[in-house]
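Both counts, for ligands and for their atoms, begin at 1 and track the order of listing.
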Amino acid sequence: MSGRAVTLTFLGASGTVTGSKFLLTVGGARRVLIDAGMFQGEKRWRLKNWEPFPVEPSSLSDVVITHAHADHVGYVPALVREGYAGPIWMTEGTRQLAEIVLRDAGKLQEEQAEQARRHGWSKHEEPRPLFTVADVERALPLFRTVEFEQDVDLGDGLVGRWTRAGHILGSASVRLQLPETSVLVSGDLGRHDHPLLKGRGTPQGADYVLCESTYGDREHPEIDPPHQVLAEAITRTVARGGLVVIPAFAIDRTQGVLRVLVQLLREGRIPRVPVVVDSPMALRALDVYRDSSLGELREDVAVEDFTDLPELIEARTSKESRALNRRFDPMVIVASSGMAEGGRVLHHLARLLPDRRNTVVLTGFQAAGTRGRSLQDGAGHVKINGHHVRVRAEIVRSGEFSVHGDASDLLDWLRALEPAPETVYVVHGEPTAAEHFATRVEDELDWTAVVPRYGEVVSLVPGHADPPDLEGAGEETADGQEGAGRRG
Ligand code: ZN
């Protein structure tokens, strides 16, 4: 085993927060992809989804997944479509959520390609989706589940171990041990406590650590009493006979919002009104969160703690969703998507935004260019399904729902690692957040902390710097010329 070159290539979440993909090569034979995330957000990154994968997907030996968010697992069906047929390792919770996320993504890809074809948006003869629902169905049988804190023998002396990350259900940090070296990938790390899930664990340290830095330059405010902004907004709105709309991500955010609503009701801080969950994807994820056999819930949290509402309306079909338009009594509607870019929240916003009695509560980060951001910035109108809708409803921002650790949470996670790493690679952050966090790691922990470039290759054993044979990776990769449909 000695004398093998071991390298790591940063193929995503480097210079940006999305597209997590890290390629570990061991000697000539072994190529392990850690996370297979889709690029989202800015166009220059999104276009990379359509570039040929830097190594032949069929030459990968394993794919290991940290958690079920699309920016960590969403590229899996594209890899399978391009020839990958090996095992895809993840926890059982991640498997169940990834199934929901990927089927939804496949449908969305097909719909977008169809729209591009119909409206002639694509420069290409035949716009194609990045992957189809059929590609997703081909990928699912490759999933292999692992237990938390159990060594998984991946062959050739490679041993994987998944440790709770406390971010979303099933989420983990993954440590890969080789005879020559070891590498630990944080995945996305939760805060020191999650409202529903067991907290993150402390993995064994490793020679090389990849640490996320989404909030690497921020600290979450501590608000006392918790969720007072939300409680007051609901109370005020109900008092004037209005409805509250909460755009929320389907996975984890919706479930976290329900938990807070149950708590506020029990404490008598909000009136007893019906709560609607209007998102098929969020309801499917809610079923996974309710499955206590997974062992993911905190010891002090029972299923009733996020479902025990005076009236919980689950709008699974679009007919059930449209029926809500006939109700004008005060209620709280939790609907996807979180940034109001699509999904059923749109028809609620179109109906409720023009009325001053109603309130929209934004619960998460609203990226530039999204409707959620326009609302947050006080826009007088927003465009929904081709119509300009006047915004008279109250817009409230509640910043307490993040499931990403802040800079102190991230430093605490690193500080607990034993032994200390040789180098920390700071990934999964916007450039300023990543640089800021790397500086803190060097200043406060006195460890070497590097923000890798997209496409950068590093050696994980002394004396071996030979990069693997890659096509197309690296900063010089041309962006911006091709849109949907470049594959095939
Ligand atoms: Zn995540």
Side-chain angles (χ1 to χ4, degrees), residues 11-14 16-22 33-41 45-46 49 63-76 88-102 104-105 148 162-174 184-201 203 210-216 218 220 248-257 281-282 285 288-289 296 336-339 341 363-367 401-407 409-410 413 426-430 433-434 437:
L11 296 176
S14 308
T16 181
V17 285
T18 68
S20 279
K21 285 185 217 76
F22 311 108
L33 186 66
I34 306 163
D35 273 350
M38 229 199 279
F39 287 106
Q40 298 167 319
W45 289 109
R46 270 188 289 122
N49 291 327
V63 175
V64 307
I65 299 293
T66 61
H67 68 288
H69 274 148
D71 62 320
H72 295 259
V73 75
Y75 191 74
V76 160
I88 304 169
W89 305 93
M90 65 191 75
T91 65
E92 174 61 20
T94 295
R95 186 189 69 77
Q96 293 195 18
L97 291 181
E99 218 175 282
I100 297 168
V101 167
L102 294 178
D104 186 75
F148 284 109
W162 277 248
T163 298
R164 277 185 204 287
H167 167 61
I168 65 168
L169 188 144
S171 66
S173 303
V174 181
L184 170 64
V185 179
S186 71
D188 288 0
L189 292 170
R191 305 174 72 164
H192 48 86
D193 61 341
H194 185 285
L196 295 170
L197 304 174
K198 283 181 182 155
R200 65 192 198 198
L210 275 61
C211 185
E212 69 123 324
S213 59
T214 313
Y215 287 116
R218 267 170 282 177
H220 296 313
F249 300 113
I251 308 279
D252 200 81
R253 183 60 45 84
T254 296
Q255 296 75 23
V257 167
M281 191 173 162
V288 179
Y289 274 72
E296 291 269 351
S336 299
S337 70
M339 298 189 202
E341 279 298 274
T363 58
F365 176 71
Q366 306 294 323
F401 284 96
S402 177
V403 287
H404 276 279
D406 60 21
D409 287 323
L410 298 174
W413 183 83
V426 177
V427 297
H428 201 286
E430 295 298 342
F437 187 64

Is the centre of the H192 ring less than 6.0 Å from the centre of the H220 ring?
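When the ring centroids of H192 and H220 are compared, they turn out to be at least 6.0 Å apart.
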Who passes ring-ring contact (aromatic ring centres under 6.0 Å, His included) against H194, sequence neighbours left out?
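ring-ring contact (aromatic ring centres under 6.0 Å, His included) list for H194, sorted by chain: empty.
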Suppose we screen for ring-ring contact (aromatic ring centres under 6.0 Å, His included). Which residues come up paired with F401, at least two apart in sequence or across chains?
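Checked F401 against ring-ring contact (aromatic ring centres under 6.0 Å, His included); matches are H227.
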Are side-chain N/O atoms of H67 and T94 paired as donor and acceptor at under 3.5 Å?
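Short answer, no.
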For A70, check side chain to side chain contact (heavy atoms under 4.5 Å, CB included) against everything at least two apart and list the hits.
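Only Q40, V101 meet the side chain to side chain contact (heavy atoms under 4.5 Å, CB included) criterion with A70.
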Taking all non-hydrogen atoms of both residues into account, name the closest pair between G256 and L196 and its distance.
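Nearest heavy atoms, G256 then L196: N-CD1, 4.0 Å.
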Give me the protein N, O or S atoms that fall under 2.8 Å of the Zn ion (ligand 1), sorted by chain and residue number.
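Protein N, O or S atoms closer than 2.8 Å to the Zn ion (ligand 1): H67 NE2, H69 ND1, H167 NE2, D188 OD2.
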